[in-house]
Structure formats: C-alpha cells, structure tokens
Number of protein chains: 2
Amino acid sequence: MSRATALTPDRIAEAALRVGDRDGPPAMSMRRIAAELRCDPMALYRHFADREALLDAVADLAMADVPEPDPAAAWDARLRVLVTAVRDAALRHPGIAGHVASRPPLGAHGRRLGAVMLAALTEAGLPPAKAVQSMQALIAYAAAALAMAVAAGTRDERWHQVSEVFAALPGAPPGAQLHVVGSADQFAFGLRLLLNGIRAEAGLMTGEAGATPGAQ
Amino acid sequence: MSRATALTPDRIAEAALRVGDRDGPPAMSMRRIAAELRCDPMALYRHFADREALLDAVADLAMADVPEPDPAAAWDARLRVLVTAVRDAALRHPGIAGHVASRPPLGAHGRRLGAVMLAALTEAGLPPAKAVQSMQALIAYAAAALAMAVAAGTRDERWHQVSEVFAALPGAPPGAQLHVVGSADQFAFGLRLLLNGIRAEAGLMTGEAGATPGAQ
DNA sequence: ACCTGAACACCGTTCAAGT
DNA sequence: ACCTGAACACCGTTCAAGT
C-alpha cells in the first residue's frame, strides 16, 4: 500500500471516473483503475462484487452534480430541464456516459432524480402507474439519445450517416435541414415529443371523465 | 477447409446469429463464430473489417423478417405496428438484440424499415426535417426499450427493481399497478406517448398557420 | 499472392500460496 | 484472518511464416 489514503468505494469510483475521462471507456479496466490507485487489482473486489458493480457506482457518481430544477416551475419545464441536465452531466464524463445510458438509475443520485421526475408527472395529473411508466419512457429515451450522442461523438461515425442516408431515401424531399444524430437539437426535439405525449395523456385523465386511454 | 460450402458474408452472419441464439451474446466471439463455421478465425477478417462490422451484419439479418405494415392503415397505426414488430424480431434473437439496440440501422433491412417510417411521418404532415427527427426519436426510444427488455430478461435483475424502487418513493402513492421494465406493456405505453407527441406536432403544422412550434 | 496460425497485448476473475 | 499476485480461460487483432 503505497497510497497514503485508505481504499473506499467512493475513492475507487472517483479514480475510475478520472481514468475514464482521461483515457476513454476501454481504459476503465480493473487493472488500469487499480494502477491509478496504486493498489492490487484484486483489492477492488473487496469493495465491489464485480466490474459491473463498480461501473454502476461510477455512473451514479457522474450524476452527482445534476441540479434539481426550480420547484416553482411548471411540471413539464421541470422535466425538460432535469432530463437535459442529466444528458449534460453524462456528456461531461465521456468515459462513463455510455454506461450511464445502459444501466438502471438505482444509485443514490439516480433515485433522487427519479423522485423529482415522479413528482412532476404526478403533478401533471397522471395516476401512479402511468407516472412510473412515463418516467421509464423518459429514462429510455434519454438513455438512448445519450448513447447515440456518445457513439456519434467519440466512437462511431456511422451514426452521423443516419440522417444523410434517410434524407436520401425516396420518401424524403430534398433540401431537408438535417440535425445531427445525438445533437442537442435532436435530443430536445424528441424530448418535446414525449412531453407533448405526456401532456395529452394527462389531459385525457383530467379533461375527459369517462375516457378509456388504453384503447387503440 | 473442411466445410463444403464457401465462406460468404451472409453465411458468416447466419452462423453468428445461430451461435448467439444458442449460447448468448458473450459467445459471439470471432473464435467461436469461426469454430461454428469450422474455419480459421482470421478467415472472418477477409469478409468483415472487424468484429463490429460482423455484428452489424448480424443485427441487420435479425431484422430480415420484420413485415412491412399494411399501407392502407393510418400513419400512426403503421408506425405502432412497425416499431412493435422490430422489437419482436429482435427479441426472437436474444443473442444479437442488445447489439440491434446499440447500432445505427444502416443495413439493408434497417434502411427499408426507415423508409417506411419516414413515409408514415410525412403522411402525418411533418416537414422533412421534423420527419427525420421524429424517426430518430422513435429509433432511440425503441432501441432503449429493447435494450432494457433484453437486460431485464436475460442479464440484469436490477432493471426489475426500477419499478419497485420508484413506486416506493415518497411521491408515489401506494397500490400503483406496476409494469415490469422492458415488458410489452411498458413498451407500448412509451410508444403511445411518442405517437401522441408526433400527432400534436403534426397538428401544429397543419392546423395552425402561424404557429411557432420551436418556442418553449 | 494467398492463407494460416502463432503470438501480442490485453481482459475479468479464481484461488492457492503467502504473511 | 487477511491480503496478494500468479494463474486460468479467455478476448480482438497483428503479422511473420508458410504454401
């Protein structure tokens, strides 16, 4: 033990986040993280069951600085600000952003943000079950859009081709102004669609008494 | 070369799909796929640049049997049927479903399905740029929901906890009927939210002449 | 010129050997 | 009892050696 400070889960997660931000996702191996901490790779296993558990902690740590939206704002504005802030926070840590997008938000910060979302959706007028489902839909969309942003920006040029390929299809008129896959614009547009949809769903609940929203 | 048939990209992709369906995603290594074909692992590299390119071909192959929706149906029903069929097709191939969810749909079948989506969105009244953006939002949502279904079903019990954890939060009243993350119900609900949102977006286009839909 | 397979530079994790 | 690090069973890919 040449490190002066003792090994803790938090300290390990911080070191892993540092390694990922500096050297990219593939560098976040148990061996490299241990090297960053100047400890034996196996020492990490005394604080985390396996690599997946360690990365979950790192993903949650990346959400630590997501601010909670102004409680005085309208429910839809609150959701928009929060989900956008999650995307921004993840993109500030490119090493772990892909993992944030692929794992359940069950860490301390993930649960905190989920509670804010649920409160906003309940305020919108959704019953509990639909609020939970709407939250999961928002999480799913945010996760995928985030994963696309990461892939398009750092790893995979093929995502950039998607807009071009589809704009060139028979059905698409020429001259369409394209938005890059994974861009902030594209993210905001899809988020608006979902919030539109939630608003419509909530309207059915509160506006029409005998509505049967489950019917197709 | 003990195999009677010659190596082709299609034949390789079929063998890889078989391996993945039989032994799961981790089994889809270059070595195992080569063993399935009774050829040298390096022989695969003469048909695919790298493993990622091979998996892209497998993911597209898994979309081969997605039927095109009835052209006579309404645009929103067409989108719902198509996106649901993509999910079903991917889940029939658990080995590659996760990859389907993480990669751009740029293969032959992905482009075919994208063209159907674009046509439906254009019919809805969206201008080209918004149709492309809406398609990308649908792809993002479907990919993430699919990834969650795969993770929840085969790999990761933590996704199952999400509904329970959030239903137990202060904001959520008790007795909420929970839908399992990744379930068909949950998928359909989120898809309906997006289609609701697209309908609202299209309504702004056609219904209100001087609307400024980009304003928050 | 083409193809093969040994070798390189890694992995996550197990487990026996040390203290 | 605790900790370490050698070892196991793999990877994707390179590249030199064979034919």
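In what follows, every chain begins at residue 1, and chains take the letters A, B, ... in the order their sequences are listed. Excluded from the calculations below are hydrogen atoms, water molecules and symmetry mates; all remaining heavy atoms, backbone and side chain alike, are included. Small disclaimer: the values here were computed from a predicted structure and weren't measured.
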Exercise. Could you state the CG-C1' distance from A:Leu7 to D:dT4, rounded to the nearest angstrom?
Worked result: 14 Å

Exercise. How long is the span from the CG atom in B:Leu17 to the CG atom in B:Leu55, to the nearest 0.5 Å?
Worked result: 11.0 Å

For this session: Send over the distance from B:Glu52 CD to D:dC11 C1', rounded to a whole Å.
Result: 15 Å

Exercise. Any idea which of C:dT4, C:dC11, D:dT13 is nearest the B:Asp40 side chain?
Worked result: C:dT4

Exercise. So, A:Asp60 and A:Arg103, do they make that salt bridge, N to O below 4.0 Å?
Worked result: no

Exercise. Mapping A:Ala27 and A:Met42 onto DNA chain C by nearest heavy atom, which one lands closer to the 5' end?
Worked result: A:Ala27

Problem set entry | Rounded distance in Å - CZ (A:Arg38) to C1' (D:dG5) | 19 Å

Exercise. Taking DNA chain D as the partner, which of residues 43-50 of chain A come within under 4.0 angstrom of it by heavy atom?
Worked result: A:Arg46

Problem set entry | Base partner of D:dC2, which must satisfy Watson-Crick or wobble distances under 3.5 Å | C:dG18

Exercise. Are any side-chain N or O atoms of B:Tyr141 and backbone N or O atoms of B:Phe187, one a donor and one an acceptor, separated by less than 3.5 Å?
Worked result: yes

Exercise. Which is it for B:Leu138 and B:Ile198 under the side-chain contact (heavy atoms from CB on, under 4.5 Å) test, yes or no, and what are the steps along the way?
Worked result: CA-CA 10 Å; B:Leu138 283 166; B:Ile198 291 169; 4.0 Å; yes

Exercise. Tell me: CZ of B:Arg31 to C1' of C:dG5, nearest whole Å?
Worked result: 10 Å

For this session: Give a yes or no on whether a salt bridge exists between A:Glu36 and A:Arg22, defined as a side-chain N under 4.0 angstrom from a carboxylate O.
Result: yes

Exercise. Which whole-number value in Å describes the distance from B:Met30 CE to C:dG5 P?
Worked result: 16 Å

Exercise. Do A:Arg32 and A:Asp23 meet the salt-bridge criterion of a basic N to acidic O distance under 4.0 Å?
Worked result: yes

